[in-house]
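By convention here, the first residue in the shown sequence is residue 1.
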Amino acid sequence: MIVLGLMSGTSLDGLDLAFCSFDKSDETYSYKILDAKTVNYTSIWKERLIAVKDASAEDYFRLHVLYGKFLAEEVNVFSKASGIKADIIASHGHTIFHQPNSGFSTQIGCGATIAAETQITTVCDFRSLDVALGGQGAPLVPIGDKLLFGEYAACLNIGGIANISFDEKGKRIAYDVCEANMLLNLLAERSGKAFDKGGEMARAGKINTELLQKLNSLSYYSEKGAKSIGREWFEQHIEILLDKNINVNDLLATGTEHIAEIIAQELNKHYLKNILITGGGAFNTFLIEKIISKTSCEIILPEEEVINYKEALIFAFLGYLRVLNKTNTHKSVTGATKDSIAGAVYLP
């Protein structure tokens, strides 16, 4: 089966599209990334996706459909350019609200619109059922980590948010570790840059020990069990600490040190032998150096294609499992009352 995975993360750097093929032999799954690309968001789309959280209900749903049309257009363009036709589309959408404790996690990007505009069966809304079952609705990639990347003791994705998954006592567990590129990109933008390439701005800065202590002492990092964070948490607990009177490079140095310390703390706590690191943060040389210096865990960076598109690949896999009516969300990961087959399916 060929599935086109669509992923838009909290760092707002763009839309990832990955054509993936999946096969199953006995209980073993295999995959190939046939073609993949990233569509960078224009400043207009970035502004829309940031501002919609404060929009009226009418404007929210208007953007929900408009963003769905945008996704469909990009699918059609990519399909024509690559010469590949997907059997199904699996779209994560873009998260606007993530409040599982209030019973919801919402992603815009209307699946019905995508199906209608592409004439391809579309799976979307992967988080709502798990949240309705009392779970966090996140992280969702661990089942893909286990079934597609099971040779590693753990998988860590460093995107807008850093999340980790690994087996413990025979069960897959996972959680959001800390904010990552959401913090670093925000700070880099203060200097007119989209991101801190290679962590060079952070490398040139000095750590602000007072701020580092405040960041490291946030209660979320010591919470146990299923847990996740979103933009709301970031704004309430992190953004308010970022004093604009502090030099940007110093803020980046401090933020990078903080992220590395929190990640290393988790690796060391669970005595993980090796870990596969993917996501945009894998290209932040300074951050990776910091993590390596704080843990004895073997750090593995795969080929660029996997670093860039692992999340799009796994959402494609989640869509694949959904249309086969196989479990794709585990209660051991999210804290829900039971495992589930997540995702709404729209037939064109």
>> Would K310 and F149 count as a cation-pi pair here, with the cationic atom under 6.0 angstrom from the ring centre and within 45° of the axis?
In response: yes
> Does K227 make a cation-pi contact with Y220, if we ask for NZ or CZ under 6.0 Å from the ring centre and within 45° of the axis?
Replying inline: yes
> Under a 4.5 Å cut-off applied to non-hydrogen side-chain atoms, are L215 and L241 in contact?
Replying inline: yes
>> With heavy-atom distances below 4.5 Å as the criterion, would you say the side chains of Q236 and F234 are in contact?
In response: no
Side chains of [X] and [Y]: do they bring a donor and an acceptor to under 3.5 Å?
X: Y41; Y: S8; value: yes
X: T254; Y: N208; value: no
X: Y175; Y: E266; value: yes
X: T327; Y: D339; value: no
X: T334; Y: D130; value: yes
X: R172; Y: S165; value: yes
X: T38; Y: Y309; value: yes
X: Q107; Y: T95; value: yes

Could you tell me whether [X] and [Y] have a side-chain N and a carboxylate O separated by less than 4.0 Å?
X: R203; Y: E289; answer: yes
X: K214; Y: E210; answer: yes
X: D23; Y: K32; answer: no
X: K290; Y: E257; answer: yes

>> Could you see if F78 belongs to whatever hydrophobic cluster contains F315? Use Ile, Leu, Val, Met, Phe, Trp, Tyr and a side-chain cutoff under 4.5 Å.
In response: no
> Same cluster for Y152 and L272 if Ile/Leu/Val/Met/Phe/Trp/Tyr side chains link at under 4.5 Å?
Replying inline: no
> I164 and side chain to side chain contact (heavy atoms under 4.5 Å, CB included): which partner among I158, I275, I173, I263?
Replying inline: I275
>> Run the ring-ring contact (aromatic ring centres under 6.0 Å, His included) test on H94 and F70 for me, step by step, so that the C-alpha distance in whole Å, both residues' side-chain angles and the decisive distance to 0.1 Å come before the verdict.
In response: CA-CA 12 Å; H94 187 83; F70 165 77; over 10 Å; no
Where the side chain of [X] meets the backbone of [Y], is there a donor-acceptor pair that is under 3.5 Å apart?
X: H237; Y: W233; answer: yes
X: T106; Y: I96; answer: no
X: H92; Y: L6; answer: no
X: N268; Y: A264; answer: yes
X: E232; Y: H98; answer: yes
X: D176; Y: I229; answer: yes
X: D125; Y: G343; answer: no

> Among all residues two or more places apart in sequence or in another chain, which pass the side-chain contact (heavy atoms from CB on, under 4.5 Å) test with V77?
Replying inline: K37
> Apart from L129 itself, which Ile, Leu, Val, Met, Phe, Trp or Tyr residues share its cluster (side-chain heavy atoms under 4.5 Å, direct or through members)?
Replying inline: L133
>> E117 vs N76, test: side chain to side chain donor-acceptor pair (under 3.5 Å). Steps then yes/no.
In response: CA-CA 9 Å; E117 297 279 338; N76 288 334; 5.6 Å; no
> Between Y320 and F22, does a ring-ring contact (aromatic ring centres under 6.0 Å, His included) hold up when you go through it step by step?
Replying inline: CA-CA 8 Å; Y320 167 75; F22 299 101; 5.1 Å; yes
